[in-house]
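Down below is the structure, laid out as structure tokens.
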Amino acid sequence: MAALTDLTIAEAQAGLEKGEFSSKEITKAHISAIEEARELNAYVTETPERALADAEASDKRRAAGDVGALDGLPIAIKDLFCTKGVQSTASSHMLEGFVPPYESTVSGKLVDAGMVMLGKTNLDEFAMGSSNETSYFGPVINPWKRNSDDQPLVPGGSSGGSAAAVAARLCLAATGTDTGGSIRQPASFCGIVGMKPTYGRCSRWGIVAFASSLDQAGPMTRTVRDAAIMLQSMVGFDPKDTTSAEVPVPDFQAVLGQDIKGLKIGIPSEYRVEGTDPEILALWDQGIKWLEDAGAEAVEVSLPRTKYALPAYYIIAPAEASSNLARYDGMRYGLREDGDSLAEVYENTRAAGFGNEVRRRILMGTYVLSAGYYDAYYIKAQKVRKLIADEFSAAFEAVDAILTPAVPSAAFAHKEKSDDLLGMYLNDVMTVPASLAGLPGISVPAGLSSDGLPLGLQLITKAFDEETLFRVADVLEQSAGFTAQPGQKG
Amino acid sequence: MSVDKSTVARIAQLARIKVPEDDLDALADELSKIVGWVEQLDEVDTEGVAPMASTAEGTVLRQRDDIVTDGDCRDDVLSNAPETTNGYFVVPKVIE
């Protein structure tokens, strides 16, 4: 049998059911793996004692015949989710030591489903970044290395700790959050599956807010089936989140294994973004061929305003962030720095608590919302957002899903892009359009670059059509047959 | 449009973040770069387009029953406060 840490969720479920191993055994295997791979810095907070207690409780439930959907499975939680009694930092000095007295809805649902919580994974500070280099707790190292050198690579971001942990076998699966690509881009960089559901599928309650009209939680796993299994336990209407969607939840696994004969797959030429790695464009062509070979019909679609999605995002997201992060004032929780006046306490606290990228985005957001610029930037961006969403709606009248690359490049080295602001922002050029439109998207590992690094392809469907998304992703995954594993594992 | 040093100082004050004088020039450069880049949106004709604040705009805001759903958890609320006394938050003096 494969090592316990190499199992998929589906395999681990089967093994636990058959009594081949206990939750305690698979949990211990993961705790050891985490200890051996600390140099990856994937976790901000490890919770081995909690995990063992969770596992023992799960084994008792199983003995009593009363198990939940994810019972006994060791899972990691991005440190953007508030977890009751466990430090929740958003990888910011501002929230260092913050111990929520409540549980986020999504992590609470996973607890109810019986998960074993291994710990809280590293991320870009307040989820702002595409390389996990903005974390106050240090960068995460991608378990993959390129063939050409031994440089440590970034895992992508913002859910970089989750992606690295899943890839390095430091958990069976992890939660992520995606505002402009923070699940899908790191998933591509680390060779795993990353899925962002439709905006409103997962409750945002208890997730540290970045840009509220865009933030959405999702699963990060090693297979499409695992993503479907895990998503099932994350979704559902929540009265605590006013944007939570009161819609029926389908059985996401039911569509797996169905063929895609006759489905129309949209191919938007606008995603042939200048500067995209030619290998990625070739992989995209290969992906089209795979889906055609499986009986789908590739159809050209036009999304002409795609190139404006990223600049619109970099107005909207910082604007919402500047408003959301106004709450960090040093009064009720979080860091407080002294000052001679109340205003100075605020200013000193926020100067000390926020890192450079967060500060830059708050200032950018404050600027575009300030008197005289509000209409020119913020309202303008919201109008462009509407046009982009309308273009997707029109496209989905003709096609069932859209296939694009997930990222414009493979993982890069630490500090390689940290001085190139706009170059860093370009990482999300393929993922941001669907975010603005609130659509579900999934990154599926589809191949390796010539330098030995994983590359993902992205599928997008219309809102609340995760079933078609999983159905096509499953076929894409089978066709790609991606079995490569990173060199550095736990 | 470029963002100058005094504008950075002004928005930093609006955002209540102390920015050291030494950082202002670099921030002005960075924000100018970002602002200059996002201004490509001016190429898009948005005449008559309604701004979209959220993709959940079709959702009707729900009203919940007017009953207490939370509360009686003072110690929880205070548990992460930088300073408390007798069940209250302690904040810096506001009125001279």
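Chain letters run A, B, ... following the sequence lines, proteins first, then strands; residues in each count from 1. Bear in mind that the values here come from a model prediction, so they are computed numbers and not experimental data.
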- Carefully, step by step, assess A:Arg385 and B:Thr55 under the rule side-chain contact (heavy atoms from CB on, under 4.5 Å). CA-CA 10 Å; A:Arg385 180 178 189 181; B:Thr55 58; 3.8 Å; yes
- Query: How long is the span from the CG atom in A:Asp420 to the NZ atom in B:Lys33, to the nearest 0.5 Å?
  - Reply: 7.5 Å
- Item | Considering all heavy atoms, the nearest B:Ala53-A:Ser213 contact | O-CB, 3.3 Å
- Query: To the nearest 0.5 Å, how far apart are CG in B:Asp45 and NZ in A:Lys383?
  - Reply: 10.0 Å
- Task: Among the options A:Val368, A:Val345, A:Leu422, pick out the one with the most heavy-atom pairs lying under 4.5 Å from chain B.
- Result: A:Leu422
- Message: Just verifying a value: how many Å separate B:Arg16 CZ and A:Leu325 CG, rounded to the nearest 0.5 Å?
- Response: 15.5 Å
- Which residue out of B:Asp23, B:Thr69, B:Thr46 racks up the most heavy-atom pairs below 4.5 Å with chain A? B:Thr46
- Item | side-chain contact (heavy atoms from CB on, under 4.5 Å) between B:Leu31 and A:Tyr367, intermediate numbers included | CA-CA 9 Å; B:Leu31 292 178; A:Tyr367 179 74; 5.8 Å; no
- Task: Using a 4.5 Å cut-off on heavy atoms from C-beta on, say whether the side chain of A:Tyr425 contacts that of B:Ile34.
- Result: yes
- Checking heavy atoms, do the side chain of A:Ala326, its backbone, both or neither come under 4.5 Å from chain B? neither
- Please report the closest heavy-atom contact between A:Ser370 and B:Leu14, naming both atoms and the distance. CB-CD1, 4.4 Å
- Item | Minimum heavy-atom distance between A:Met331 and B:Pro82, given as atom pair plus value | O-CD, 3.3 Å
- Rounded distance [0.5 Å steps], CD in B:Glu30 versus CD in A:Glu357: 8.5 Å
- Query: Out of A:Thr198, A:Leu214, A:Asn348, A:Thr243, which one racks up the most heavy-atom pairs below 4.5 Å with chain B?
  - Reply: A:Asn348
- Task: Go through the atoms of B:Leu27 and report whether side chain, backbone, both or neither lie under 4.5 Å from a heavy atom of chain A.
- Result: side chain
- Item | Neighbour count >12 (heavy atoms, 6.0 Å) for atom OH, B:Tyr88 | no
- Cut-off 4.5 Å, heavy atoms of chain B, and the answer for A:Arg305 is side chain
- Is it the side chain or the backbone of A:Ala381 that comes within 4.5 Å of chain B heavy atoms, both, or neither? both
- Task: Determine the option with the most heavy-atom pairs under 4.5 angstrom with chain B, choosing from A:Ser322, A:Ala389, A:Ala312, A:Gly200.
- Result: A:Ala312
- Message: What part of A:Thr242 gets within 4.5 angstrom of chain B, counting heavy atoms only: side chain, backbone, both, or neither?
- Response: both
- Item | Contacting region of A:Leu310 [heavy-atom separation from chain B under 4.5 Å] | both
- Task: Over all heavy atoms of both residues, which pair between A:Lys380 and B:Leu41 is shortest? Give the atoms and the distance, please.
- Result: CE-O, 3.1 Å
- Which region of A:Tyr373, side chain (C-beta onward) or backbone (N, CA, C, O), has a non-hydrogen atom less than 4.5 Å from a non-hydrogen atom of chain B, or is it both or neither? side chain
- Message: Tell me whether A:Asp340 at atom CG has more than 12 heavy atoms from other residues, nucleotides or ligands lying less than 6.0 Å away.
- Response: no
- Between A:Phe98, A:Tyr199, A:Tyr314, which shows the greatest number of heavy-atom pairs under 4.5 Å with chain B? A:Phe98
- Message: So for atom NZ, which belongs to A:Lys386, do other residues, nucleotides or ligands contribute more than 12 heavy atoms lying within a distance under 6.0 Å?
- Response: no
- Task: Apply side-chain contact (heavy atoms from CB on, under 4.5 Å) to A:Val384 and B:Met52, showing your working.
- Result: CA-CA 8 Å; A:Val384 172; B:Met52 182 186 222; over 6 Å; no
- NZ-CD distance between B:Lys18 and A:Glu344, expressed to the nearest 0.5 angstrom: 4.0 Å
- Message: Tell me which of these, A:Phe354, A:Phe237, A:Tyr313, A:Tyr102, has more heavy-atom pairs under 4.5 Å with chain B than the rest.
- Response: A:Phe237
- Message: B:Val35 vs A:Tyr377, test: side-chain contact (heavy atoms from CB on, under 4.5 Å). Steps then yes/no.
- Response: CA-CA 9 Å; B:Val35 169; A:Tyr377 295 112; 3.3 Å; yes
- Give, as side chain, backbone, both or neither, the part of A:Tyr378 having an atom under 4.5 angstrom from any heavy atom of chain B. neither
- Output yes when B:Glu43 and A:Lys307 qualify as a salt bridge under the 4.0 Å nitrogen-oxygen rule, no when they do not. yes
- Message: With a 4.5 angstrom heavy-atom cut-off, is it the side chain or the backbone of B:Val3 that approaches chain A, or both, or neither?
- Response: side chain
- So which of A:Tyr333, A:Tyr346, A:Tyr308 has the largest heavy-atom pair count under 4.5 angstrom toward chain B? A:Tyr308
- Shortest non-hydrogen contact between A:Leu363 and B:Ala15, atoms and distance: CD2-CB, 4.3 Å
- Would you check if the side chain of B:Asn80 reaches a backbone N or O of A:Val99 as a donor-acceptor pair within less than 3.5 Å? yes
- Item | Which portion of B:Thr7 sits near chain A, non-hydrogen atoms under 4.5 angstrom | side chain
- Task: Please report the closest heavy-atom contact between A:Arg336 and B:Val91, naming both atoms and the distance.
- Result: NH2-CA, 4.0 Å
- Query: Do B:Val19 and A:Arg359 come within less than 4.5 Å of each other through their side chains, counting heavy atoms only?
  - Reply: yes
